[in-house]
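Following: one structure in structure tokens, then a few remarks.
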Amino acid sequence: MGNTRELVLDMLMEILEEGSYSHLVIRDVLDKYNYSDPRDKAFVKRVTEGTLERLIQIDYILDVFSKVPVSKMKPLIRNLLRMSVYQLLFMESIPARAVINEAVKLAGKRGLRGLSGFVNGLLRNIERKKEQIPYPEKAKDEENYLSIQYSMPGWLVHKWLSAYGRETTCRMLEGLLEEHPVTVRLKESLNQTEKENWLSALAKAGVCWKQHPYLSYAYELYGTEGIRNLPGFEEGYFLVQDVSSMLVVEAARPDGKDGALVVDVCAAPGGKSLHMGEKLKGTGKVIARDLSENKVSLIRDNIERMGYQNIEAQVMDAGQPDGELMGKADVVLADLPCSGLGIIGKKRDIKYRAREEGLMELTLLQRRILDTVWQYVKPGGILIYSTCTINPDENEGMVEWFLREHPFSLESLSPFLPDAFKEEGESGMLQLFPGVHETDGFFLARLRRTEQ
């Protein structure tokens, strides 16, 4: 794998200076070095993700100790320091001397030998005084304190405190920084022997697993750096999918009809569509759509690998009406483009890309799509609206607007969801919070078409 720290530096440059998406950069690098030492791959993933996750806190610390502000540093030095501070503060198993020496070497190797002294002195000073870093006082400036301690943009901290209160916001901020295992949905059609063999094979491959408390077919996997190499992947035994997404399909149950027509209007990479295909026990039809051929090819790949026969993937702009589907669907799944604030724990750069003004643009897009796709629901049919975000304007506010403008009513989620949500789901809407619930941040609502 070569110099792992140099690899991390290059990845951070690509993500933070060139604007590439972190989850794609990390995935591509891990795929490229698929057969490298698992410890090297784990180190690269941990330092890259950790640096991104703690970026606001790290930059605050650098600005406290450096005469040159982070914003004025050479990009390569800035990111070299960031990844080094992450190791010094959050990876106690690595000797500080090794972190500092490697940073100095790397600065020289990349043509910045003249700044080696600056790198050395700054990192040594931070290491020496890391227990006395002067953070903002919580009592005097709570929003700024929470923003730096949890590396969350201040405007988002303010928004969440206003919407959800101190306790929920703090639990959520803590939850977003916790380790996030890979969650998979195991095919419910597997028999007991196949399931036991799969779990045994995972253990032999060094992967720890835990059954999820909400759903019996959901498993959390720990210690995996590459999904495609896991036992059962090629055989189509499982699909990577968060439990929050599985709850959408549980909530969408089309009144017990096996032969239902289901339309998933923004389906890629296809988790909910495939899950729905399985719930229909091979009957009926699921139409899985998304905007581009590239996205739809992901759905097709998963359909083929998992072996479902009752799902059809199509390229279609959800905002464009389809006359052939008007009033025909038993269920429409509308998991719409959103700000993604609920999955910050897995895609760490979302919080730095999000802008308050951008949230308003998204609500307009969501309204445009809902104005179109509600018409596919047959009278008495179900529309499930969902997002992977934590923002009242995109969630509860969107449902309230939708109910004012369209012939639908909210229906309790309680009969369809695990016991943990019986009370919360009664209103027909459910907001899931990381740190509070054992899922991503997510929202779903069950709406029935009332017009006959």
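- In this structure, CE in Met429 is found 10.5 Å from CD in Gln431, a value given to the nearest 0.5 Å.
- Closest of all the heavy-atom pairs between Gln57 and Gln149 is OE1-O, 3.6 Å.
- Every residue two or more places apart in sequence or in another chain that forms a side chain to side chain contact (heavy atoms under 4.5 Å, CB included) with Thr372 is listed here: Pro321, Tyr376.
- Listed by chain and residue number, Met326 satisfy the side chain to side chain contact (heavy atoms under 4.5 Å, CB included) test with Gln375 (two or more places apart in sequence, or in another chain).
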Between side-chain atoms of residues 197-206 and protein atoms elsewhere (two or more places apart, or another chain), which donor-acceptor pairs fall under 3.5 Å?
from, atom 1, to, atom 2, distance (Å)
Asn197, ND2, Thr193, O, 3.4
Trp198, NE1, Pro231, O, 2.9
Ser200, OG, Glu196, O, 3.0

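- Contact check for Arg367 versus Glu405: no side-chain heavy atoms found under the 4.5 Å cut-off.
- The CG atom of Leu12 lies 11.5 Å from the OG atom of Ser20; values are rounded to the nearest 0.5 Å.
- With hydrogens and angles left out, the side-chain atoms of His406 and Asp371 include a donor and acceptor closer than 3.5 Å.
- Taken from CG in Leu444 to CG in Leu333, the straight-line distance is 11.0 Å, to the nearest 0.5 Å.
- Within 6.0 Å of atom NE2 in His23, more than 12 heavy atoms from other residues, nucleotides or ligands are found, so the atom counts as buried in its surroundings.
- Counting heavy atoms from C-beta outward, Glu179 and Tyr222 have side chains that approach closer than 4.5 Å.
- Atom NZ of Lys422 has more than 12 neighbouring heavy atoms from other residues, nucleotides or ligands inside a 6.0 Å radius.
- Between the side chains of Thr450 and Ser409, no donor-acceptor pair of N or O atoms lies under 3.5 Å.
- Using cut-offs of 30° and 60° on the angle between ring planes, the pair Phe408 and Phe402 is tilted.
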